[in-house]
Visitor: 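Starting off with a structure, shown below.
Bear in mind that the values here come from a model prediction, so they are computed numbers and not experimental data.
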Amino acid sequence: MSGAGARQAAAGTTDERPLGIDALLERVRAGYRRVEAQEAHEVARSGAGLLVDIRYAALRERDGLIPGAVVVERNELEWRLDPQGSHRLPEATGHDLRIVVICNEGYASSLAAASLHQLGLHRATDLVGGFQAWRAAGLPVDPAVPSAS
């Protein structure tokens with residue numbers, strides 16, 4: 001195989017029509033059960049899992065932090081949560097860990113949860129509506145400390 005066909009095969013793609021982000025979200029979300037804000041709060045409160053905030057710093061500074069959530073920038077997520085990884089967080093104890101990924105509105109977190117599934121973290125999920133749903137539900141939010149500039 002040579003040319004475009006070889007590049008597509010190497011990239012794991014085919015000549016199929018591009019999926020589009022809405023269809024991709026629908027597809028990845030069908031692979032797991034998402035949680036609502038109250039259930040995510042219960043996961044954190046009971047210690048039954050790990051809340052992971054992937055929002056970027058400006059949003060955390062603007063809106064605050066979820067108490068007890070671990071902040072992991074999106075570009076580091078897989079490295080920090082892979083239980084077999086050399087750069088993993090101490091909380092990344094095994095593939096059975098329940099992880100609730102939280103972004104700002106519940107879109108990027110769906111793609112992040114799907115990526116964690118590919119690493120074998122089969123209990124990873126995300127928060128429907130993201131941080132904004134958490135806040136709208138009246139759940140606890142700590143004010144953020146602005147980073148030094």
Visitor: To the closest 0.5 Å, what do you measure between CZ (R34) and CD (E39)?
Guide: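 Separation between the atoms: 12.0 Å.
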
Visitor: Which pair of heavy atoms, one from A112 and one from L77, lies closest together, and at what distance?
Guide: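 For A112 versus L77, the nearest heavy atoms are CB-CD2, 3.5 Å.
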
Visitor: So D63 and N104, do their side chains get closer than 4.5 Å, heavy atoms only?
Guide: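 When only atoms from C-beta onward are counted, D63 and N104 do touch, with a gap below 4.5 Å.
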
Visitor: For H87, does its backbone N or O pair with a side-chain atom of R80 as donor and acceptor, under 3.5 Å?
Guide: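 The answer is yes, because a donor-acceptor pair under 3.5 Å joins these two groups.
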
Visitor: Which ILVMFWY residues are connected to Y56, directly or by a chain of links, through side-chain heavy atoms under 4.5 Å apart?
Guide: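 Reading the cluster by chain and number, Y56 sits alongside L59.
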
Visitor: So, the side chain of H117 versus the backbone of T125: is there a donor-acceptor pair under 3.5 Å, distance only?
Guide: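 Pair absent, no side-chain N/O of H117 close to backbone of T125.
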
Visitor: Could you give the distance from CZ (R55) to CD (E105), rounded to the nearest 0.5 Å?
Guide: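 Reported to 0.5 Å precision, the distance equals 11.0 Å.
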
Visitor: Report whether L116 and V52 are members of the same hydrophobic cluster (ILVMFWY, side-chain heavy atoms less than 4.5 Å apart, transitive linking).
Guide: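 In one cluster with L116: V52, yes.
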
Visitor: Does a side-chain N-to-carboxylate-O contact under 4.0 Å join E42 and R98?
Guide: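 Salt bridge absent between E42 and R98.
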
Visitor: Run the salt-bridge test on D82 and R88 with the 4.0 Å N-O cut-off and return the result as yes or no.
Guide: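 Answer for the salt bridge query: no.
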
Visitor: Can you give me the closest heavy-atom contact between E91 and L97, atom names plus distance?
Guide: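 Minimum heavy-atom contact is O-CD2, 3.4 Å.
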
Visitor: Below 3.5 Å, can you tabulate the donor-acceptor pairs from side chains in residues 24-31 to any protein atom, sequence neighbours excluded?
Guide:
residue, atom, partner, partner atom, Å
R29, NE, S110, OG, 2.7
R29, NH2, G106, O, 2.7
R29, NH2, S110, OG, 3.2

Visitor: Short question: side chain of W134, backbone of P140 - any donor-acceptor pair under 3.5 Å?
Guide: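 The answer is yes, because a donor-acceptor pair under 3.5 Å joins these two groups.
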
Visitor: Which pair of non-hydrogen atoms, one from A40 and one from L51, has the smallest distance, and what is that distance?
Guide: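 Heavy-atom minimum between the residues: O-CD2, 3.7 Å.
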
Visitor: In this structure, would F131 and L65 fall into the same cluster of hydrophobic residues linked by side-chain contacts under 4.5 Å?
Guide: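 No, separate clusters.
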
Visitor: So for atom OH, which belongs to Y107, do other residues, nucleotides or ligands contribute more than 12 heavy atoms lying within a distance under 6.0 Å?
Guide: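 No - once you tally the heavy atoms of other residues, nucleotides and ligands closer than 6.0 Å, there are 12 at most.
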
Visitor: Could you check if a side-chain atom of P83 sits within less than 4.5 angstrom of a side-chain atom of L121, using non-hydrogen atoms only?
Guide: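 Side chain of P83 against side chain of L121, heavy atoms only: contact under 4.5 Å found.
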
Visitor: Under 4.5 Å side-chain heavy-atom separation, chaining through any Ile, Leu, Val, Met, Phe, Trp or Tyr, what else clusters with W79? Say none if it is isolated.
Guide: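 Direct or chained contacts put W79 with none.
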
Visitor: Please say whether more than 12 non-hydrogen atoms of neighbouring residues, nucleotides or ligands are located less than 6.0 Å from NE2 in H122.
Guide: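 Check passes, neighbour count above 12.
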
Visitor: Measure across R74 and L111 and return the closest heavy-atom pair with its distance rounded to 0.1 Å.
Guide: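 Heavy-atom minimum between the residues: NH2-O, 4.5 Å.
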
Visitor: Of V72, V100, L81, V101, which is the lone residue that meets side chain to side chain contact (heavy atoms under 4.5 Å, CB included) with L50?
Guide: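 For L50, the side chain to side chain contact (heavy atoms under 4.5 Å, CB included) check succeeds only for L81.
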
Visitor: Any heavy-atom pair between the side chains of I102 and I66 that's under 4.5 Å?
Guide: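 In short, these two side chains touch, coming nearer than 4.5 Å.
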
Visitor: If I compare all heavy atoms of A133 with all of V128, which pair ends up nearest, and what's the gap?
Guide: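 It is CB-O, 3.3 Å.
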
Visitor: Which atom pair, heavy atoms only, marks the closest approach of A57 to E73?
Guide: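 Smallest interatomic distance, heavy atoms only, reads N-OE2, 4.1 Å.
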
Visitor: When you look at R60 and D53, which way does the salt bridge (charged side-chain N to carboxylate O under 4.0 Å, His left out) test go after all the steps?
Guide: CA-CA 9 Å; R60 294 190 313 266; D53 187 343; 5.3 Å; no

